[in-house]
Amino acid sequence: LGKPKCVRPPSGVVTAIDPIMRACGGVWIAHGSGNADRKFVNSKNKLGVPPEDNRYILKRVWLSKEEEDGYYYGFANEGLWPLCHITHTRPMFKESDWQMYKTVNQKFAEAVLEELPAKNPFVFIQDYHFTLLARRIKEKRPDTTIALFWHIPWPNPEAFGICPYQKEILDGILGADLIGFHVQYHCNNFLDTVNRLLEARVDTEKFSVVQAGKETLVKAFPISVNGYISGNIQKVESSQLERIRQEFDLKDKIVILGVDRIDYTKGIIERILAIDRFLEKYPQYKNKFVFIQLAAPSRTHIKRYHDLIGEIDELIEKKNWKHTEGGWSPIVYLKRHFSAEEIVPFYVLADIGIVSSLHDGMNLVAKEYVASKRDLSGALILSRFTGAARELTDAIAINPYSIEEFADTIKTTIEMPPEEKKKRMENMRKIVMEHNVYRWAGNILTELFALKKE
Ligand code: ADQ
């Protein structure tokens with residue numbers, strides 16, 4: 001309907017990899033899931049991106065509806081995603097999904113093999129959708145050097161051990177020469193899992209796995225955002241801020257913000273319950289703040305996600321009704337996809353950013369919020385169960401499962417002395433600016449090239 005629009009998906013992987021591809025060039029091979037994607041490729045299924053200034057090539061792999069269902073919605077997102085996140089959502093393993101997952105991994109392997117140069121090929125695989133890809137590529141082209149980055153947590157061996165296809169998955173992953181996780185803890189879990197479930201030698205000094213004479217290095221590379229480094233900083237006009245203030249009646253109000261893909265791992269329900277409890281305990285804050293939640297629906301064909309959208313709608317409606325007073329309601333819920341340019345003014349406005357994931361590999365929203373605070377204003381409330389919490393130790397840490405603690409933390413954060421907030425923000429900004437996503441990619445690629453030389 002209407003004119004096709006180029007949309008960047010609300011995904012941490014895209015946020016992180018796109019700037020790297022823009023800087024380095026190359027070919028990114030990915031599923032074309034947009035409904036106008038077929039219109040914008042050449043006869044080789046390729047196109048230059050971004051559309052206005054082609055910096056790299058996107059090669060599309062087309063999946064049938066059955067393939068997308070079994071591989072993406074089924075095995076990857078109903079199986080592996082809940083398996084790796086400890087959120088008490090039961091993983092579902094269906095044999096038919098697994099078969100489709102294998103088929104699609106093979107299809108991607110073929111798409112990669114077609115692109116490999118004759119000499120010294122390097123491949124960088126992203127995420128849990130492609131556990132079998134490295135092995136499939138190596139079978140045909142053993143001279144390829146391969147890194148795999150795992151963007152989500154890796155569970156302990158007991159948790160992983162319920163997966164019926166554990167051995168094939170581990171063996172597939174170990175086709176890579178280098179495996180990256182966000183934090184050391186996930187590396188340790190991975191090595192423990194391999195040690196327990198496979199016949200392979202784990203070298204606990206080098207942090208590597210040796211299997212059939214081939215070594216795979218396992219290392220932590222905490223991912224990041226582009227750091228809004230100079231030249232890349234988006235200028236936010238004060239008129240833009242004023243417009244948002246007027247639209248949502250924010251004048252003289254404390255602004256609290258959440259920005260998420262709608263996913264049960266992100267702790268959105270817990271956040272609403274904490275706002276509710278905060279108002280019950282500290283009614284003096286009625287009419288003094290507004291909590292804005294930007295939320296992009298995602299994976300909506302999966303029942304758990306579909307149900308969650310309904311649960312959040314209902315809960316917000318209920319809590320707003322409970323606390324509404326003279327035209328004021330505590331929660332503004334904007335349920336749609338926002339472009340990066342649209343999100344930044346909200347970050348700039350927010351006095352408090354909340355990231356309350358129940359479990360999260362890293363969480364880039366936390367880092368985007370910090371990166372946007374050029375004037376050192378604001379404060380970040382951050383779940384202990386995110387990878388980001390290991391680096392951003394100046395955030396105000398919460399356990400999102402404890403609604404009581406969460407509610408009290410909102411109050412403490414509002415009342416925290418401005419100098420302390422400023423100091424904390426300054427420290428966090430140093431970390432995000434220095435350890436930006438270019439450094440992340442640089443570290444992985446340096447490691448990978450060194451392996452090749454060996
Ligand atoms: P995600 O689970 O997608 O990523 P996250 O790292 O928070 O989570 O990234 C989300 C991205 O989507 C951010 O760039 C954010 O700005 C954007 N976004 C959020 N809400 C949006 C909305 N309403 N509209 C548009 N965009 C929106 C996975 C892992 C994370 C890990 C990343 C990168 O789950 O733990 O940090 O990969 O490795």
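Both ligands and their constituent atoms are indexed starting at 1 by order of listing.
For the pair Arg304 and Trp81, the cation does not sit on the ring face, since its NZ or CZ is not both under 6.0 Å from the ring centre and inside 45° of the axis.
Using bins of under 30°, 30° to 60° and over 60° for the plane-to-plane angle, the ring pair Phe75/Phe93 lands in the tilted bin. Using the six-membered ring where Trp is involved, His151 and Trp440 have ring planes that are tilted, between 30° and 60° apart. The aromatic rings of Phe289 and Phe278 sit perpendicular, their planes meeting at an angle over 60°, well past the 30° parallel limit. Trp154 and Phe181 have perpendicular rings, their planes meeting at more than 60° on a 0 to 90° scale where under 30° would count as parallel. By the 30° and 60° cut-offs, the orientation of the rings of Trp98 relative to Tyr165 is parallel.
Among the atoms of Ser339, none of the N or O lies under 3.5 angstrom from an N or O of ligand 1. On a distance-only criterion, Phe149 and ligand 1 share no N/O pair closer than 3.5 Å. Geometrically, ligand 1 and Ile343 share no nitrogen or oxygen pair separated by less than 3.5 Å.
For the ligand labelled ligand 1, residue Trp81 lies inside the 4.0 Å heavy-atom shell. Using a 4.0 angstrom heavy-atom cutoff, Lys266 counts as in contact with ligand 1.
Residue contacts with ligand 1 for Tyr128 are absent, since no atom lies close enough (heavy atoms, distance under 4.0 Å). At a heavy-atom distance under 4.0 Å, only side-chain atoms of Ile223, from C-beta outward, approach ligand 1. Only the backbone of Asp260 comes within 4.0 Å of ligand 1, judged by heavy-atom distances. Within the 4.0 Å heavy-atom criterion, both parts of Arg261, backbone and side chain, lie near ligand 1. Counting heavy atoms under 4.0 Å from ligand 1, residue Ala16 does not touch it at all. Using a 4.0 Å cut-off between heavy atoms, Thr15 contacts ligand 1 through its side chain alone, with no backbone atom that close.
Of all atoms in ligand 1, numbered sequentially from 1 with element shown, those under 4.0 Å from a heavy atom of Val365 are 7 (O), 15 (C). Numbered from 1 in the order shown, with element, the atoms of ligand 1 that lie under 4.0 Å from a heavy atom of Gly361 read 35 (O). Ligand-side atoms of ligand 1 in range of His337: 24 (N), 25 (C), range being under 4.0 angstrom from any heavy atom.
Scanning all protein heavy atoms for the shortest distance to atom 16 (O) of ligand 1 gives Glu368 OE1, 2.7 Å. Of all protein heavy atoms, the one closest to atom 36 (O) of ligand 1 is Asn363 N, 2.9 Å. For atom 33 (C) of ligand 1, the nearest non-hydrogen atom of the protein is His151 ND1, 3.5 Å. Asp360 OD1, 3.3 Å is the protein heavy atom nearest to atom 30 (C) of ligand 1. Given atom 25 (C) of ligand 1, the protein heavy atom at minimum distance is Phe338 O, 2.8 Å. Nearest to atom 7 (O) of ligand 1 among the protein's heavy atoms is Leu364 N, 3.4 Å. In terms of protein heavy atoms, atom 22 (C) of ligand 1 is closest to Ala296 CB, 3.5 Å.
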>> As a quick check of understanding, evaluate side chain to side chain contact (heavy atoms under 4.5 Å, CB included) for Tyr305 and Thr300, giving each step before the final call.
In response: CA-CA 5 Å; Tyr305 285 78; Thr300 46; 5.6 Å; no
>> Determine whether Asp37 and Arg60 satisfy the following criterion, salt bridge (charged side-chain N to carboxylate O under 4.0 Å, His left out), listing intermediate values before the conclusion.
In response: CA-CA 8 Å; Asp37 283 346; Arg60 294 304 195 181; 3.5 Å; yes
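No side-chain heavy atom of Asn156 sits under 4.5 Å from any side-chain heavy atom of Asp192.
Evaluated for a salt bridge (charged side-chain N to carboxylate O under 4.0 Å, His left out) with Asp360, the options Lys266, Arg384, Arg261 yield exactly one hit, Lys266.
Around the NZ atom of Lys219, the shell of radius 6.0 Å holds no more than 12 heavy atoms that belong to other residues, nucleotides or ligands. Within 6.0 Å of the CG atom in Asn35, the count of heavy atoms belonging to other residues, nucleotides or ligands does not exceed 12. In this structure, Glu158 places its CD atom where more than 12 heavy-atom neighbours from other residues, nucleotides or ligands lie under 6.0 Å away.
One option in Pro10, Gly12, Ala295, Cys84 has a heavy atom closer to atom 9 (O) of ligand 1 than any other, and that option is Gly12.
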